[in-house]
Each structure stands twice: as structure tokens, then as C-alpha cells.
Amino acid sequence: MLCVSYQVDERTCIQFAMKLFYFLLSALALIVCVLAVAFAAHHYSQLTQFTCETSLNSCQCKLPSSEPLSRTFVYRDVTDCTSVTGTFKLFLLIQMILNLVCGLVCLLACFVMWKHRYQVFYVGIRMCSLTTSEGQQQKA
């Protein structure tokens with residue numbers, strides 16, 4: 001976007017194509033971030049319900065028998081189950097927070113592009129001063 005010189009009302013085809021591509025990529029990234037938060041939250045909610053036991057160089061975790069999809073999860077080469085129940089929970093929380101922040105950034109990018117396209121909202125650097133443009137308006 002920075003390589004294309006700005007022209008009012010999108011008079012160049014490349015400027016329109018770049019804005020459309022930027023908007024579509026931002027929307028796709030927003031969807032991916034929301035899905036990543038949802039899957040991490042689902043896994044986190046399962047981890048909070050686990051009951052784990054260490055057995056022969058692995059950690060076996062089970063969901064309560066009241067759950068309809070109750071099954072046993074085996075984490076191989078794990079000698080201490082606290083790394084599954086403690087450290088992995090922290091990892092999932094950090095992943096949810098970072099994906100949420102990324103989703104908000106993508107939402108902001110989509111919002112700025114939408115406002116700029118349909119409500120004449122330009123976010124950028126103004127090259128001329130306000131006093132010269134006001135002086136030119138008074139002369140006309």
C-alpha cells in the first residue's frame with residue numbers, strides 16, 4: 001500500500017486492487033484469529049476438567065465420566081503431569097490473548113479500510129498545513 005502513490009477517489013486500478021487485497025487478507029486473518037481463540041478456549045476448558053495420573057513415562061488424563069465424550073488422553077514422554085495441567089494451561093491462555101489481540105488489529109484494519117472506502121475517512125499523513133488550505137478557500 002505504501003508503494004502506490006495516493007490519488008483521490010481511487011483513480012488507479014492498482015490502488016483499488018491493493019486496497020481490496022488488503023481488506024480481504026485482513027478479513028481472512030480476522031476469521032483465522034477468532035477460530036484460533038475458539039479452539040484454544042475449547043482445549044483449555046477440557047484441560048481444566050482433566051484428572052491426570054503418571055504411569056510409565058507418560059501422563060494419562062481423563063475427562064469425568066459424566067461427560068458424553070469421556071475418553072483418555074495419553075501424553076507420551078511426560079514424566080510429570082503438572083506440565084500438562086499447569087504449563088500447558090498457561091500456554092493456551094497466552095495463545096488466546098495473543099490471538100485476540102491479533103484479531104482486534106485485523107478488525108481495526110478492516111474498519112479503517114471500510115470507513116475510508118464508504119464514508120470518506122482518510123487515515124494518513126497530511127502533507128500541507130491547514131493554514132494554506134484555509135487561505136486558498138477564502139480566496140475562492
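These numbers come from the heavy atoms of this one structure, side chains and all, not from hydrogens, waters or symmetry mates.
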Per-pair distances, 0.1 Å, donor-acceptor, side chain in residues 85-110, under 3.5 Å, sequence neighbours excluded:
{"unit_1": "Thr85", "atom_1": "OG1", "unit_2": "Cys81", "atom_2": "O", "d": "3.2"}
{"unit_1": "Asn99", "atom_1": "ND2", "unit_2": "Gln95", "atom_2": "O", "d": "3.1"}

List the atom pairs, donor and acceptor, that lie under 3.5 Å between side-chain atoms in residues 32-46 and the rest of the protein, sequence neighbours left out.
{"unit_1": "Ser45", "atom_1": "OG", "unit_2": "His42", "atom_2": "O", "d": "2.7"}

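Hydrophobic cluster membership differs between Leu30 and Val112, with clusters built from Ile, Leu, Val, Met, Phe, Trp and Tyr side chains linked at under 4.5 angstrom. Note on Leu63 and Tyr75: same hydrophobic cluster, where clusters join Ile, Leu, Val, Met, Phe, Trp and Tyr whose side-chain heavy atoms are under 4.5 Å apart, directly or indirectly.
A distance of 10.0 Å separates OG of Ser58 from CD of Glu53, quoted to the nearest 0.5 Å. Between Arg71 atom CZ and Lys62 atom NZ the span is 14.0 Å, to the nearest 0.5 Å. Note that the OG atom of Ser55 and the CD atom of Gln60 stand 3.5 Å from one another [nearest 0.5 Å].
Clustering of Ile, Leu, Val, Met, Phe, Trp and Tyr side chains at separations under 4.5 Å places Leu25 together with Phe21. Grouping Ile, Leu, Val, Met, Phe, Trp and Tyr residues whose side-chain heavy atoms lie under 4.5 Å apart, directly or via other members, leaves Leu28 alone, with no other cluster members.
With sequence neighbours excluded, the residues satisfying side chain to side chain contact (heavy atoms under 4.5 Å, CB included) with Asn57 are Asp77, Thr79. Shown here are the side-chain hydrogen bond (donor to acceptor under 3.5 Å, both in side chains) partners of Thr51, two or more places apart in sequence or in another chain: there are none.
Contact record, Cys52 with Phe50: SG-CB, 3.9 Å, taken as the closest heavy-atom pair.
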